[in-house]
A.B. asks: 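Below is a structure I'd like to ask you about.
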Amino acid sequence: MPIPCSVSLSLPKSLRRHMLFASTVALGFVSVVHAQSTPTAHKQVEHFVDEGAANWKLVSQEIWGYAELGYHESKSSTLLQTQLKAAGFAVQAGVADEPTAFIASYGSGKPVIAILGEFDALPGLSQQTSPDRDPVVANAPGHGCGHNLLGSGAALAAVSVKEYMQANHIAGTLRYYGTPAEEGGSGKVYMVRDGLFKDVDVVLHWHPGDHNAIINGGLLAVDSAKFTFHGVAAHAAMAPDRGRSALDAVMLMGNGIEFMREHIPSNSRVHYIISKGGVAPNVVPDLAQIDLMARNPSNTVLTGIWDRILKVAQGAALMTGTTLEVTDIGSDANIVGNDALAPVAQKNLEEVGGYTMDASQKEFALKLQKTLGIDTPPSLDETNVIEPLRPVDPNAPSASTDVGDVSWTVPTIGFSTATFVPGVAAHTWQATASAGMSIGQDGMIIASKAIALTAVDLFTNPELVKAAKVDFDRKMAGKTYQSPIPADQKPLINYRGN
Ligand SMILES: [Zn+2]
Ligand SMILES: [Zn+2]
């Protein structure tokens, strides 16, 4: 179904008057281009979000239906690009050797403010917008991380900020980064490596969740790779002495990891599967493989752990007379927070506020909560609560995101908003259900507004951009960002084997 584009303006008279006033002032005093934003500015941009909401809810629904896996999000990416072009953005597609990555820009000069959008789905999480397990197509992908909302909500924010900039003659560059393959493909890592964020002053992002809060740092740095051992095949009964078992190497590597586990920080995670383990028990396996991921709250600590894992793998090869090949290296850094941006983002999220479910949403949500197996599910009023700004707990259970790598390069701040029914975790069919319906879409609008308000603050207050950079430099002092992905490794377009 084609999506109508509804970015034209039909402002109420009072707001049009405000805008006329703002434009006149901007023409009279050049310095007003960087004036401090006012409640009026916030109201204007919120209004633009409200104007675009119906259209972008439809876009999010369309992408939810496409449910395309990482690096293969061609329909989702094209739809976002088409919509952004129609809204007045210039689009550069296929950046960083990623066919579905793109950058949409508006305006020119400094500051450069970027908003991140994702749109990939997860395997096996296909689900109707129903409170009982009911896939659209069995075993097919689904938007269990809500990236259909993420990409669309971020784009709605971008379009609304563009409308605000245009109406008020605001200088600067606004960019929307269409970033594919967040789920395990490290799409943004290659975009960072290609220098696509080099001139960006501040990055804004958000992620669907079951509560409203600021993302000021946190999440786990992750490294991953396939460790393939090559041995010599032989008859396992008649001539085992002639064989060299690649499976032995895999098992010794696994043992090495288990012994190492005691001697790494306890908030680390190392998890793996034996992805290849031979073909028959009476043939000494000449090929076996471990597919492994390691995580830690600190990128720097993880680098040390990763070096030790490589040594364990080399040791396993040495012990078994096999050879080792390490391929398909993936990596996401932890998120570096920004203490200059966080209070501003918090204030803006509080200003936007949450939302209250209507009767039919509540009925759906209560039914869905019954499938979670939680004794006392969280109150549905959670969608209306804005959590206070808290320091990151490095020991809290967490996941990883390639936003981390961006945050090691540019001052970054993010939001999480209640798009999933309270109590629903990401990467579940319940999350897919929430992301395809009005609950997800209402939560998405909260994110769009919070991002838009923060972008307006950044465009109108150069001191804030400066303070963000100062805090970034302070946090990065003595640290260097280096991805373990080899410089010549291209994005792993078929990392899902698709
Ligand atoms: Zn996810
Ligand atoms: Zn996600």
Side-chain angles (χ1 to χ4, degrees), residues 60 63-64 66-73 76-77 80 98 100-101 115-127 140-155 157 176-189 191 203-215 217-222 224 269 271 293 295 330-335 396-407 412-421 424-436 439-441 443-444 446-448 451 492 495-496 498:
S60 83
I63 295 174
W64 183 87
Y66 297 152
E68 296 167 298
L69 293 176
Y71 288 131
H72 293 264
E73 319 94 326
S76 310
S77 174
L80 288 166
E98 296 171 353
T100 48
I115 302 173
L116 304 180
E118 298 167 8
F119 33 79
D120 58 324
L122 284 158
L125 287 180
S126 173
Q127 167 68 25
H143 271 290
C145 210
H147 292 182
N148 61 310
L149 302 169
L150 201 168
S152 308
Y176 174 98
Y177 281 71
T179 66
E182 191 283 323
E183 299 289 0
S186 302
K188 294 179 197 66
V189 180
M191 296 174 90
V203 164
L204 303 172
H205 69 101
W206 81 285
H207 200 285
D210 74 337
H211 60 280
N212 303 304
I214 300 303
I215 305 172
L219 286 100
L220 302 174
V222 59
S224 62
R269 296 277 187 272
H271 37 105
M293 302 175 90
R295 309 188 203 224
S331 167
D332 295 341
N334 60 293
I335 294 186
S398 193
S400 308
T401 170
D402 57 8
V403 173
D405 297 74
V406 177
S407 76
T412 298
I413 195 73
F415 301 89
S416 167
T417 66
T419 60
F420 304 147
V421 168
V424 166
H427 294 207
T428 59
W429 66 261
Q430 291 94 339
T432 308
S434 309
I439 293 175
Q441 292 158 10
M444 173 182 94
I446 307 300
S448 301
I451 292 170
L492 305 168
Y495 72 105
R496 294 249 185 237
N498 45 4

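First listed ligand is number 1; within each ligand, the first listed atom is number 1. The residues of the chain are indexed from 1 along the displayed sequence.
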A.B. asks: Is it true that a side-chain atom of T432 and a backbone atom of S126 form a donor plus acceptor pair closer than 3.5 Å?
C.D. replies: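 Flag not set: sc T432 to bb S126 has no pair under 3.5 Å.
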A.B. asks: Within the side chain of D405, is there an N or O that forms a donor-acceptor pair under 3.5 Å with the backbone of A333?
C.D. replies: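 A pair under 3.5 Å: yes.
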A.B. asks: Please check this pair: side chain of W206 against backbone of L150, looking for a donor-acceptor N/O pair closer than 3.5 Å.
C.D. replies: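 Checking the backbone N and O of L150 against the side chain of W206, a donor-acceptor pair under 3.5 Å is found.
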A.B. asks: If waters are left out, how many protein N/O/S atoms lie within less than 2.8 Å of the Zn ion (ligand 2)?
C.D. replies: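 Total protein N/O/S atoms under 2.8 Å from the Zn ion (ligand 2): 3.
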A.B. asks: H147 pairs by side-chain contact (heavy atoms from CB on, under 4.5 Å) with which of E68, E73, E183?
C.D. replies: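 The option that passes is E183.
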A.B. asks: Checking the side chain of Y176 only, and the main-chain atoms of A157 only, is there a donor and an acceptor separated by less than 3.5 Å?
C.D. replies: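 Side chain of Y176 to backbone of A157: no pair is present.
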A.B. asks: Under the ring-ring contact (aromatic ring centres under 6.0 Å, His included) rule, collect the residues that match up with H143, sequence neighbours excluded.
C.D. replies: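 Result, ring-ring contact (aromatic ring centres under 6.0 Å, His included) vs H143: none returned.
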